[in-house]
Amino acid sequence: MALLVFLILESSPTVRLVGGPHSCEGRVEVERKGQWGTVCDDGWGLNDAAVVCRELGCGAAKGTPSGNSYKPSTDKGQKVLLQAVDCDGTEDALLQCEQNEDVFDCSHSEDAGVVCEILESMRLVGGHGRCKGRVEVKHQGQWGTVCKAGWNLSASKVVCQQLGCGRAVLTKGGCSKATQGDGPIWLSQVSCSGREVSLQDCPSGVWGNNNCTHDEDTWVECEEPFDLRLVGGETRCSGRLEVLHKGVWGSVCDDGWREEEDQVVCRQLDCGESFSPSVKVQRRFGPGVGRIWLDDVHCSGEEQSLEQCQHRFWGYHDCNHKEDVAVICSDDERPATLSSLLTPCHGFWPLLPLLNQPGTVPPPPPPHGCYFDQHNPLPRGLMNCLD
């Protein structure tokens with residue numbers, strides 16, 4: 001079969017990056033005749049990636065990972081539309097590069113991917129910190145404001161996510177004289193669903209074409225970036241749970257806390273699976289002091305961050321520090337030896353985890369007061385130890 005390689009000089013195609021953490025990274029997809037398809041990575045390199053990054057308004061090309069690594073995977077009916085793409089890196093659009101639309105012997109396991117630098121394109125100005133202020137976007141190298149017309153809380157959610165801040169807590173149209181912007185008003189009629197990666201992904205009116213004044217500049221306030229930690233244990237993967245809010249660490253009440261919440265914490269900390277220890281084991285980490293930030297937390301178990309779970313408003317609870325949540329995850333970062341695992345201060349005594357591994361020595365008998373909890377069994381043959 002002869003290859004049909006040609007240079008296309010038509011208008012720029014529709015290109016997108018799918019499955020990445022932001023709009024400037026992901027699996028390369030192009031649109032042909034109203035259908036989206038992927039690009040084969042045969043011969044795909046940084047010059048080709050550079051054209052995609054330029055066409056999408058992103059920064060410099062940083063890498064060309066396999067597109068197959070980005071989830072969700074391609075739809076079953078989706079085709080590989082381009083093969084043998086060959087750009088010199090100076091083109092403004094992928095369609096200006098040499099390419100072959102007669103694709104053969106290329107499956108979705110060979111989909112091309114691209115990683116581009118993220119250019120600063122949106123910011124909050126005039127507030128305290130980077131997570132509060134007047135919304136500004138960058139267009140044609142110049143910063144300008146966003147009009148309140150059409151703005152809603154979903155748009156504020158996108159702004160907060162794009163900036164890596166916490167949840168959106170306030171949005172208002174109309175800034176005080178002291179916090180109004182100057183210069184161009186770039187956007188109006190912004191309509192977000194809340195699922196977009198960046199504000200530029202939301203439908204809006206034509207850039208720079210509106211009847212707004214700076215009295216209508218949009219103001220958004222987000223919570224500070226969310227963080228959590230486990231304290232009081234021997235490693236970062238076990239201990240009393242604390243969350244960061246408004247720059248202050250505080251504990252989490254165990255009202256309604258279940259294994260699903262444990263799973264989310266361990267996943268967010270990259271600490272493996274959760275052990276769901278008994279109350280007696282949890283209390284070995286001791287009570288916290290200061291604020292109790294969260295109560296009635298409810299997760300499905302699939303969330304990537306505890307922040308995504310339902311909970312009461314920050315600081316609202318009916319608890320004391322005797323009810324602080326403690327979590328134990330499987331990855332405790334210590335060497336996988338019996339001697340390193342025999343730590344009564346962790347609240348349990350390992351009996352079985354490594355007995356079948358070469359070079360291990362059977363453990364000594366468990367200390368006085370240890371027993372296997374039939375009602376709340378711990379994994380891997382662990383035993384509870386009483387005070």
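Predicted model only: the values in this text are computed from it and were never measured. Hydrogens, waters and symmetry mates are skipped; everything else that's a heavy atom, side chains included, is used.
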Under a 4.5 Å side-chain heavy-atom rule over Ile, Leu, Val, Met, Phe, Trp and Tyr, are W257 and V231 clustered together? no
Quick check: are the SG atoms of C299 and C309 less than 2.5 Å apart? yes
Once you round to the nearest 0.5 Å, how far does CG of N152 lie from OG of S193? 9.5 Å
Less than 3.5 Å apart, any donor N or O on the side chain of D262 or S274 sitting next to an acceptor on the other? no
Euclidean distance, D324 CG relative to I292 CD1, rounded to 0.5 Å: 5.5 Å
CG of L81 to NZ of K33: how many Å apart, nearest 0.5 Å? 10.5 Å
Counting only N and O atoms by type, is there a donor-acceptor contact under 3.5 Å from the side chain of Q200 to the main-chain atoms of V137? no
Under 3.5 Å, is there a donor-acceptor pair between the side chain of Q268 and the main chain of L306? yes
Is there a donor-acceptor pair closer than 3.5 Å between any side-chain N or O of Q161 and the backbone N or O of V158? no
N-O pairing of K62 and E117 below 4.0 Å: no
SG atoms of C329 and C271 less than 2.5 angstrom apart: no
Would you say the side chain of E307 lies within less than 4.5 Å of the side chain of V243, judging by non-hydrogen atoms? no
Taking salt bridge (charged side-chain N to carboxylate O under 4.0 Å, His left out) as the definition, give me every residue that meets it alongside E136, ordered by chain and number, with sequence neighbours left out. R123, R134
Classify the ring geometry between W314 and H245 as parallel (under 30°), tilted (30 to 60°) or perpendicular (over 60°). parallel
Report yes or no: is the SG-SG distance between C165 and C160 under 2.5 Å? no
Out of curiosity, H214 NE2 to T145 OG1, how far, rounded to the nearest 0.5 Å? 4.5 Å
Taking the side chain from D48 and the backbone from C87, do they hold a donor-acceptor pair closer than 3.5 Å? yes
When you take the SG atom of each Cys, C24 and C53, is the space between them under 2.5 Å? no
V18, V39: one ILVMFWY side-chain cluster at the under-4.5 Å cut-off? no
Strictly distance-based, threshold 3.5 Å: is any side-chain N or O of N210 a donor or acceptor partner for the main-chain N or O of I185? yes
Using ring-ring contact (aromatic ring centres under 6.0 Å, His included) as the criterion, list what pairs up with H317, not counting sequence neighbours. none
Determine whether the side chains of T171 and W151 contain a donor N or O and an acceptor N or O closer than 3.5 Å. yes
Working to the nearest 0.5 angstrom, can you tell me the gap between L187 CG and C147 SG? 10.0 Å
Cluster check V169, L199: I/L/V/M/F/W/Y, side chain < 4.5 angstrom: no
The ring-ring contact (aromatic ring centres under 6.0 Å, His included) partners of H139 (sequence neighbours excluded) come to W186, W207
Is it the case that the side chain of H321 and the backbone of G290 share a donor-acceptor pair, with hydrogens and angles ignored and the cut-off at 3.5 Å? yes
Going by heavy atoms in the side chains, are K132 and L124 under 4.5 Å from each other? no
Between S188 (side chain only) and A149 (backbone N and O only), is there a donor and an acceptor less than 3.5 Å apart? no
Under a 3.5 Å threshold, yes or no: a donor from one side chain and an acceptor from the other, between S66 and N68? no
Please, which pairs that meet ring pair (Phe, Tyr, Trp, His ring centres under 6.0 Å) have at least one residue in residues 24-80, sequence neighbours excluded? none
Who pairs with S300 by side chain to side chain contact (heavy atoms under 4.5 Å, CB included), at least two apart in sequence or on another chain? E302, E303
Check the hydrophobic clustering (I, L, V, M, F, W, Y; side-chain heavy atoms under 4.5 Å; chains of links allowed) and say if V51 and L46 are grouped together. no
Donor-acceptor pair, R240 side chain versus F285 backbone, under 3.5 Å? yes
Can a donor-acceptor pair be found, under 3.5 Å and without considering hydrogens, that links the side chain of E55 to the backbone of L94? yes
Only counting residues at least two apart or in another chain, list the ones meeting salt bridge (charged side-chain N to carboxylate O under 4.0 Å, His left out) with R54. none
Could you check if a side-chain atom of K148 sits within less than 4.5 angstrom of a side-chain atom of W219, using non-hydrogen atoms only? no
Which heavy-atom pair separates A168 from L153 by the least distance, and what is that distance? CB-CD1, 4.2 Å
Side-chain donor or acceptor of E196 paired with backbone N/O of G194 under 3.5 Å: yes
CD-CG distance between Q83 and D41, expressed to the nearest 0.5 angstrom: 9.5 Å
Is V115 linked to V28 within one hydrophobic cluster, defined over Ile, Leu, Val, Met, Phe, Trp and Tyr using a side-chain heavy-atom separation of less than 4.5 Å? no
